[in-house]
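The structure appears right after this line, and notes come after that.
Positions are given from 1, in the same order as the sequence printed here. Because the structure is a prediction, the values reported are computed rather than measured.
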Amino acid sequence: TDIDGFLEEMEISAEEGSVLYTFFIEELLQEKSVLQEQSNTENYEKMAETVHNIKGVSSSYKSWNVFHIVSIMDEQCKKRDFNHIQQNVEMLGRMIEEEIVKIKAYFNME
């Protein structure tokens, strides 16, 4: 995650960025939960929407590791290639958790 780049681009302080990244963390956790449920129920149409949402928000917040994985998943959804989607959902879940740890460390969040 390029938090410094985000703060610079948005022309905001670290304090303001902390508030925004708190919302980002909440959104990532929400979308991760939704995506896992959609994967478990094989609701691929809704999953494609959720993947696209995560792709957009991760790009906005410069969370490049999440963006990379979810971009691959987005392409798979567009091609309707769901063979490895469960593995990718699990990998994305781990990546989201890692990103949250990094964000919290950057802003000294608990």
Side-chain angles (χ1 to χ4, degrees):
T1 303
D2 181 13
I3 297 172
D4 290 329
F6 176 82
L7 298 176
E8 185 177 318
E9 184 177 298
M10 297 296 293
E11 298 180 355
I12 58 175
S13 69
E15 186 176 319
E16 293 167 315
S18 176
V19 172
L20 293 177
Y21 271 93
T22 298
F23 290 124
F24 176 56
I25 288 170
E26 291 171 5
E27 186 163 1
L28 281 179
L29 290 173
Q30 170 82 20
E31 294 287 11
K32 180 182 118 176
S33 177
V34 168
L35 187 64
Q36 288 170 332
E37 179 62 30
Q38 292 166 341
S39 175
N40 291 339
T41 60
E42 298 182 359
N43 189 345
Y44 298 127
E45 295 302 318
K46 290 291 185 182
M47 183 184 287
E49 293 174 21
T50 303
V51 163
H52 191 74
N53 290 345
I54 297 170
K55 182 180 173 185
V57 74
S58 65
S59 174
S60 296
Y61 281 89
K62 300 186 178 294
S63 181
W64 301 128
N65 293 331
V66 171
F67 178 78
H68 176 73
I69 293 170
V70 85
S71 293
I72 292 168
M73 293 174 68
D74 192 41
E75 285 302 312
Q76 289 174 321
C77 288
K78 287 177 184 174
K79 294 177 183 175
R80 304 193 56 74
D81 174 13
F82 301 109
N83 292 328
H84 302 287
I85 201 73
Q86 183 63 39
Q87 293 159 322
N88 288 338
V89 167
E90 291 170 10
M91 183 170 35
L92 177 62
R94 288 189 302 272
M95 182 55 62
I96 286 172
E97 292 299 325
E98 290 174 17
E99 288 293 286
I100 289 171
V101 167
K102 292 175 187 175
I103 292 165
K104 286 183 173 183
Y106 183 95
F107 291 109
N108 295 315
M109 296 177 186
E110 292 187 19

Original post:
With a 4.0 Å cut-off, would you call Lys102 and Glu99 a salt bridge?
Top reply: yes
Original post:
Hey, does Cys77 have a side-chain heavy atom less than 4.5 Å from the side chain of Phe82?
Top reply: yes
Subject >> Minimal non-hydrogen separation, Leu7 against Gly17, with atom names >> reply: CD2-CA, 3.6 Å
**OP:** Give, for atom CG of Leu28 and atom CD of Glu97, the distance between the pair rounded to the nearest 0.5 Å.
**Re:** 9.5 Å
**OP:** Could you tell me whether the side chains of Glu98 and Asn65 share a donor-acceptor contact shorter than 3.5 Å?
**Re:** no
Original post:
Same cluster or not: are Tyr44 and Ile54 linked, directly or through other Ile, Leu, Val, Met, Phe, Trp or Tyr residues, by side-chain heavy atoms under 4.5 angstrom apart?
Top reply: yes
Subject >> Spacing of Met73 atom CE and Asn88 atom CG [to the nearest 0.5 Å] >> reply: 5.5 Å
Original post:
Does one hydrophobic cluster hold both Met95 and Leu29, with members joined at side-chain heavy-atom distances below 4.5 Å?
Top reply: yes
Subject >> Heavy-atom side-chain contact between Asp4 and Asp2 under 4.5 Å >> reply: yes
Original post:
Is a side-chain donor or acceptor of Ser18 paired with a backbone partner of Ala14 at a separation under 3.5 angstrom?
Top reply: no
Original post:
Applying the 4.5 Å side-chain criterion to the ILVMFWY set and letting contacts propagate, would Ile96 and Phe23 be lumped into a single cluster?
Top reply: no
Original post:
Mind checking whether Phe107 and Tyr21 have parallel, tilted or perpendicular rings, split at 30° and 60°?
Top reply: tilted
**OP:** Could you point out which residue of Glu90, Met47, Gln38 forms a side-chain contact (heavy atoms from CB on, under 4.5 Å) with Ile85?
**Re:** Met47
Subject >> Distance in Å, Lys104 NZ paired with Thr22 OG1, rounded so as to fall on 0.5 Å steps >> reply: 9.0 Å
Original post:
So which heavy atom on Phe6 is nearest to which on Lys62, and how close?
Top reply: N-CD, 3.6 Å
Original post:
Should Ile72 and Val57 be counted in the same cluster of Ile, Leu, Val, Met, Phe, Trp and Tyr side chains packed under 4.5 Å apart?
Top reply: no
Original post:
What heavy-atom pair brings Ala48 and Asp74 nearest, and what distance separates the two atoms?
Top reply: O-OD1, 4.5 Å
Original post:
Could you state the interatomic distance from CG (Leu92) to NE2 (His68), rounded to the nearest 0.5 Å?
Top reply: 11.5 Å
Subject >> Between CZ on residue Phe24 and CD on residue Glu31, distance to nearest 0.5 Å >> reply: 10.5 Å
**OP:** Pick out which of Glu16, Glu11, Glu15 makes a side-chain hydrogen bond (donor to acceptor under 3.5 Å, both in side chains) with Ser13.
**Re:** Glu16
**OP:** Starting at CD1 of Ile25, measure out to CD1 of Ile103 and round the result to the nearest 0.5 Å.
**Re:** 5.0 Å
**OP:** Would you confirm whether Ser71, through its side chain, and Phe67, through its main-chain N or O, come within 3.5 Å as a donor-acceptor pair?
**Re:** yes
Subject >> Over all atoms of both residues, closest heavy-atom pair of Thr1 and Ser63 >> reply: OG1-OG, 3.6 Å
Original post:
Does the Asn40 side chain pair with the main chain of Gln36, one donor and one acceptor, at a distance under 3.5 Å?
Top reply: yes
Original post:
Are Tyr106 and Val66 connected in the hydrophobic side-chain network, where two residues link if heavy atoms are under 4.5 Å apart?
Top reply: yes
